[in-house]
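Below is one structure; the comments refer to it alone.
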Amino acid sequence: MRLATWNVNSLKVRMERALEWVSYAQPDILCLQETKLGDAAFPHMAFSALGYESVHHGSGQWNGVAILSRVGLEDAVMGFADGADPDQDTRLITARCGGVRVCSVYVPNGRSVSSDHYIYKLSWLARLTGHLGLLSSPDDHVAVCGDFNIAPEDRDVWDTAAFVGSTHVTPEERAALASLEAWGLVDAFRARWQEDKLYTYWDYRAGDFHEHRGMRIDLILVSRALAGKVGWALVDRNARKGKLPSDHAPLFVDLEV
DNA sequence: ATGGTTGGAATCCAA
């Protein structure tokens with residue numbers, strides 16, 4: 001089973017690239033983030049023509065998440081399942097695909113450590129851990145895929161000095177990610193590859209992609225039951241090249257299930 | 001050189 005995730009930064013702009021990527025990468029499940037679409041505008045039929053069912057949770061303009069699957073798609077849940085106040089943004093969608101409970105997540109950016117948005121980011125991550133416990137057990141097949149807006153370790157950013165005082169690398173954010181993993185999740189890409197300079201995001205500005213100034217902030221977290229089944233894994237940097245690329249590259253892991 | 005680019009909005013905000 002090939003499980004993939006991609007922050008497309010506007011599916012409207014990226015649709016041609018997304019269809020191209022799905023066609024050659026052949027994911028069984030693809031989680032999308034930052035579709036920036038309302039639900040009525042999501043192109044279900046175009047993906048259906050390639051053999052995928054799809055569910056989307058979006059409000060237009062900002063955020064927006066989706067799950068595509070060609071191995072079944074059921075029990076879709078929009079946002080958090082805790083019954084508390086709805087999230088202010090459309091950042092989470094969950095479904096069962098081919099025996100795996102899959103979450104597509106777009107974790108809040110945080111903006112700056114002094115902002116309310118940073119508090120929102122930390123609380124959002126804590127709420128995500130609760131969400132998983134409500135819908136699944138760490139002994140099940142669970143995968144949480146998406147843009148976490150956190151670099152798990154210093155080696156996941158191109159230059160630690162450039163991030164002093166910034167979000168994405170603070171102990172609080174990394175602790176929130178560690179709490180999520182402590183529930184019973186493993187960073188599948190890191191389990192497969194231990195090298196430095198393996199990034200998933202490069203800022204559009206200042207030639208960052210060309211100079212390889214990137215960050216590894218897109219993750220596929222899998223439960224213990226799946227962690228031992230990770231085969232090949234890849235960040236497809238080719239998808240970050242060429243005409244009208246997203247600022248994120250797609251990431252996939254192959255699971256022997 | 002607190003720079004740079006992109007997307008979606010409205011002529012600025014978020015990333």
Side-chain angles (χ1 to χ4, degrees), chain A residues 5-21 30-43 46 56-66 79 87-93 104-125 128 145-152 156-170 172-174 176-177 199-219 235-251:
Chain A
T5 185
W6 194 9
N7 179 326
V8 291
N9 186 17
S10 173
L11 189 57
K12 180 182 175 184
V13 172
R14 217 67 62 207
M15 194 57 189
E16 192 174 333
R17 296 293 303 254
L19 292 172
E20 173 195 35
W21 193 79
L30 172 59
C31 296
L32 299 175
Q33 300 85 38
E34 280 208 271
T35 63
K36 298 184 177 178
L37 295 176
D39 288 333
F42 188 83
H56 179 257
H57 181 45
S59 57
Q61 187 174 1
W62 308 120
N63 314 302
V65 287
D87 190 6
Q88 67 188 61
D89 299 325
T90 52
R91 298 180 174 275
L92 170 64
I93 189 167
S104 179
V105 304
Y106 177 46
V107 176
N109 175 285
R111 299 182 190 171
S112 68
V113 294
S114 60
S115 72
D116 290 344
H117 206 262
Y118 180 73
I119 304 301
Y120 169 54
K121 180 179 193 174
L122 296 177
S123 64
W124 198 95
L125 286 160
L128 178 60
C145 314
D147 177 0
F148 284 75
N149 273 311
I150 301 170
D156 295 316
V157 299
W158 63 275
D159 179 11
T160 55
F163 290 91
V164 172
S166 298
T167 60
H168 294 60
V169 299
T170 66
E172 291 81 5
E173 289 164 285
R174 286 173 173 171
L177 179 60
Y199 307 136
T200 64
Y201 162 82
W202 301 260
D203 198 299
Y204 284 124
R205 295 169 288 188
D208 278 7
F209 179 70
H210 180 71
E211 300 295 334
H212 208 55
R213 293 188 289 259
M215 311 173 73
R216 193 176 73 91
I217 57 176
D218 299 272
L219 309 175
V235 176
D236 185 7
R237 294 183 71 258
N238 285 322
R240 180 62 178 78
K241 304 175 183 175
K243 184 181 177 186
L244 285 177
S246 172
D247 42 3
H248 296 251
L251 160 70

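None of these values were measured; they are calculated from a predicted model. Here is the naming used below: chain letters follow the sequence lines, and residue numbers restart at 1 for every chain.
- Residue pairs satisfying the salt bridge (charged side-chain N to carboxylate O under 4.0 Å, His left out) criterion with at least one member in residues 112-121 of chain A, sequence neighbours excluded, are listed as follows: A:Lys121-A:Glu173.
- Comparing B:dA15 with B:dG4, their C1' atoms sit 13 Å apart, to the nearest whole Å.
- For the pair A:Tyr201 and A:Lys12, nearest-nucleotide mapping onto DNA chain B gives the more 5' position to A:Lys12.
- A heavy atom closer than 4.0 Å to some atom of DNA chain B occurs in A:Tyr106, A:Asn109, A:Arg111, these being the qualifying members of residues 106-117 of chain A.
- For the residue pair A:Thr200 and A:Asp218, a side-chain donor N or O sits within less than 3.5 Å of a side-chain acceptor on the partner.
- The same atom, P, is picked in B:dA14 and in B:dA10; the two are 13 Å apart, to the nearest Å.
- Take A:Asp156 and apply the side-chain hydrogen bond (donor to acceptor under 3.5 Å, both in side chains) test, not counting sequence neighbours, and it matches A:Arg190, A:Arg216.
- A:Asp147 is linked by a salt bridge (Lys or Arg N to Asp or Glu O under 4.0 Å) to nothing, counting only residues two or more places apart in sequence or in another chain.
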Polar atoms only, N or O, under 3.5 Å: list the protein pairs with nucleotides 4-7 of chain B and their distances.
unit_1 : atom_1 : unit_2  : atom_2 : d
B:dG7  : OP1    : A:Arg14 : NH1    : 3.4
B:dG7  : O3'    : A:Ser10 : OG     : 3.3

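- By the side-chain contact (heavy atoms from CB on, under 4.5 Å) test, A:Ser112 pairs with A:Ser114, A:Ser115, sequence neighbours left out.
- Judged as a salt bridge (Lys or Arg N to Asp or Glu O under 4.0 Å), and not counting sequence neighbours, A:Arg240 has no contacts.
- With sequence neighbours left out, the ring-ring contact (aromatic ring centres under 6.0 Å, His included) criterion links A:Phe209 to A:Trp202.
- Here salt bridge (charged side-chain N to carboxylate O under 4.0 Å, His left out) pairs that include residues 204-215 of chain A, with residues two or more places apart or in two chains, are A:Asp203-A:Arg205, A:Asp208-A:Arg213.
- Counting to the nearest Å, the P atom of B:dA9 and the CD atom of A:Glu34 are 13 Å from each other.
- When the P atom of B:dA14 is taken as reference, atom CG of A:Asp89 falls 11 Å away, rounded to whole Å.
- To the nearest whole angstrom, the two P atoms, one in B:dG3 and one in B:dC13, are 15 Å apart.
- Look at OH on A:Tyr118: it is 19 Å from P on B:dA14, rounded to the nearest Å.
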